[in-house]
Amino acid sequence: MKQVLTAAAMALMAASGAQAADEVKLQLKWVTQAQFAGYYVALDKGFYGEEDLDVTILPGGPDIAPTQVIAGGGADVTVEWMPAALAAREKGLPLVNIAQPFKSSGMMLTCWKDTGISEPADLADRTLGVWFFGNEFPFMSWMGKLGISTEGKGPEGVEVLKQGFNVDPLLQRQADCISTMTYNEYWQVIDAGVAEDELVTFKYEDQGVATLEDGLYVLEENLEDPEFVGKMERFVRASMKGWKYAEENPDEAADIVLDNDASGAQTEVHQKRMMREVAKLTSGSNGALDAADYERTVETLLTGGSDPVITKTPEGAWTHAISDAALN
């Protein structure tokens, strides 16, 4: 009888253990790639499990809007760029930044060197490819700082070409420069057979108009729930552990990403290169949002040309409460 009770007790304990892990759904901004390696590493290495979390990572894509997913209850936390998050907040979706794994921006303008472009002032009277859907605002702010109009090509203006998420406009010479990320589209240009010395690049970070990318956002109302806050503290702690592991072991991290790529679209060469570039952007961040980086982002968005992404300084758009508890 004693043995039966012991076995029953063990079964009960096992069942309790199985139920102990708290579920967290993470919505990514884009498809499975090394841009999100820290989360896949945290999952693969058991860092989430160590925090009693059962994390599901939901890939994004061209037809998936992270803000809509979290608004509809399809995710607990989402990876998003701050311009989109602040725009959504001003329009009534109260997103709050709880952590900022990316310290630096990977956005830049990549130009043909043979056009004679060597410095920002040379961009006037050119055709420039620019991503829209909220990604254009750092560019508009930059042009404003340079005193270059975006209303049309001329000695003091540029023609803005609405660029898709590809590099065709540069390769086909439809544009003198295009928008690229340091870890992705730039290397698509190189892989197309263009030599690096044929190009000139301008990083938004260096131009003082970079906006924060790839932060973690939740709905403000959920921060009133102590259980949710506790889950997010553990999630941020495990995620940052994953990010730091990925920085130190980029090739292994890329392999983990590839193992999670259900589409089979990613290649080992591209992902390992992407991971090394992404590691430069997460380096220097312990996961806590830098207030000065936030202020610069807001200033850039408020001065983004005639149609700024936000019309007033946001209030309550970020908190250190989660990251402080997670990291200290």
Side-chain angles (χ1 to χ4, degrees), residues 20-60 66 69-70 75-82 97-106 181-184 212-218 228-262 266 268 270-290 320-328:
D22 291 321
E23 292 186 3
V24 173
K25 288 184 179 178
L26 169 67
Q27 177 64 57
L28 302 182
K29 181 173 174 61
W30 195 241
V31 298
T32 300
Q33 58 183 15
Q35 177 183 357
F36 311 108
Y39 310 110
Y40 287 112
V41 168
L43 188 64
D44 182 84
K45 291 293 178 183
F47 300 157
Y48 290 134
E50 290 169 6
E51 296 283 357
D52 287 327
L53 294 175
D54 176 13
V55 175
T56 301
I57 301 175
L58 306 170
V69 174
I70 197 168
D76 301 294
V77 55
T78 185
V79 178
E80 186 54 278
W81 285 12
M82 188 166 277
N97 178 299
I98 59 166
Q100 187 60 45
F102 275 49
K103 170 67 176 171
S104 307
S105 165
M181 300 302 290
T182 56
Y183 52 79
N184 200 355
L212 285 169
E213 299 162 2
D214 289 62
L216 291 172
Y217 294 84
V218 301
F228 181 83
V229 169
K231 275 201 305 187
M232 288 301 104
E233 289 170 2
R234 288 179 280 144
F235 174 76
V236 168
R237 182 161 52 240
S239 296
M240 289 313 300
K241 192 173 178 182
W243 272 117
K244 295 308 153 184
Y245 188 96
E247 283 178 26
E248 294 167 7
N249 305 276
D251 286 351
E252 182 186 352
D255 286 337
I256 290 171
V257 170
L258 288 165
D259 289 342
N260 283 276
D261 174 30
Q266 307 295 358
E268 182 178 358
H270 186 54
Q271 290 308 301
K272 288 187 173 180
R273 194 164 54 189
M274 184 185 291
M275 184 61 240
R276 286 192 287 273
E277 292 297 327
V278 165
K280 297 174 186 176
L281 306 181
T282 57
S283 177
S285 171
N286 67 352
L289 173 70
D290 184 310
H320 273 162
I322 303 288
S323 55
D324 282 352
L327 306 169
N328 296 334

Residues that Tyr245 engages under side-chain hydrogen bond (donor to acceptor under 3.5 Å, both in side chains), provided they are two or more places apart:
Lys45, Glu252
Note, Asn184 side chain near Gln35 side chain (heavy atom, < 4.5 Å):
no
Give a yes or no on whether a salt bridge exists between Lys103 and Asp290, defined as a side-chain N under 4.0 angstrom from a carboxylate O.
yes
Thr56: partners by side-chain contact (heavy atoms from CB on, under 4.5 Å), with sequence neighbours left out:
Lys25, Leu58
Check side-chain hydrogen bond (donor to acceptor under 3.5 Å, both in side chains) between Glu233 and all other residues, then give those that pass, not counting sequence neighbours.
none
Got Trp81 and Asp214 here, is their nearest side-chain heavy-atom distance under 4.5 Å?
yes
Sequence neighbours left out, what passes ring pair (Phe, Tyr, Trp, His ring centres under 6.0 Å) with Trp243? Give chain and number order.
Tyr39, Phe102
Between OG on residue Ser104 and CD on residue Glu213, distance to nearest 0.5 Å
9.0 Å
Would you say Glu247 and Thr282 are linked by a side-chain donor-acceptor pair, where the criterion is simply a distance under 3.5 Å?
yes
Return the set of residues passing side-chain contact (heavy atoms from CB on, under 4.5 Å) with Asp255 (not counting sequence neighbours), or none when no residue passes.
Leu258, Glu268, Lys272
Test Glu51 against every option in Arg237, Arg234, Lys231 by the side chain to side chain donor-acceptor pair (under 3.5 Å) rule and name the one that passes.
Arg237
Roughly how far, to the nearest 0.5 Å, is CG of Leu53 from CG of Leu26?
11.5 Å
Sequence neighbours left out, what passes ring pair (Phe, Tyr, Trp, His ring centres under 6.0 Å) with Phe47? Give chain and number order.
none
Residues at least two apart in sequence or cross-chain that pass salt bridge (Lys or Arg N to Asp or Glu O under 4.0 Å) with Lys241, listed by chain then number, are Glu50
Testing the basics here: between Ile70 and Ala75, what is the closest heavy-atom pair and its distance to 0.1 Å?
CG1-O, 3.5 Å
Could you tell me which residues satisfy salt bridge (Lys or Arg N to Asp or Glu O under 4.0 Å) with Asp54, sequence neighbours excluded, listed by chain and number?
none
For Tyr48, the ring pair (Phe, Tyr, Trp, His ring centres under 6.0 Å) test, sequence neighbours excluded, returns Phe235
For residues Ile57 and Phe36, determine if any side-chain heavy atom of one lies less than 4.5 Å from a side-chain heavy atom of the other.
no
Thr182: what forms a side-chain hydrogen bond (donor to acceptor under 3.5 Å, both in side chains) with it, not counting sequence neighbours?
none
Using a 3.5 Å cut-off and no angle test, enumerate the donor-acceptor pairs between side-chain atoms of residues 321-328 and protein atoms at least two apart in sequence or in another chain.
| from | atom 1 | to | atom 2 | distance (Å) |
| --- | --- | --- | --- | --- |
| Ser323 | OG | His320 | O | 3.3 |
| Asn328 | ND2 | Asp324 | O | 3.2 |

Go through the structure and list residues passing side-chain hydrogen bond (donor to acceptor under 3.5 Å, both in side chains) with Asp251, not counting sequence neighbours.
Arg276
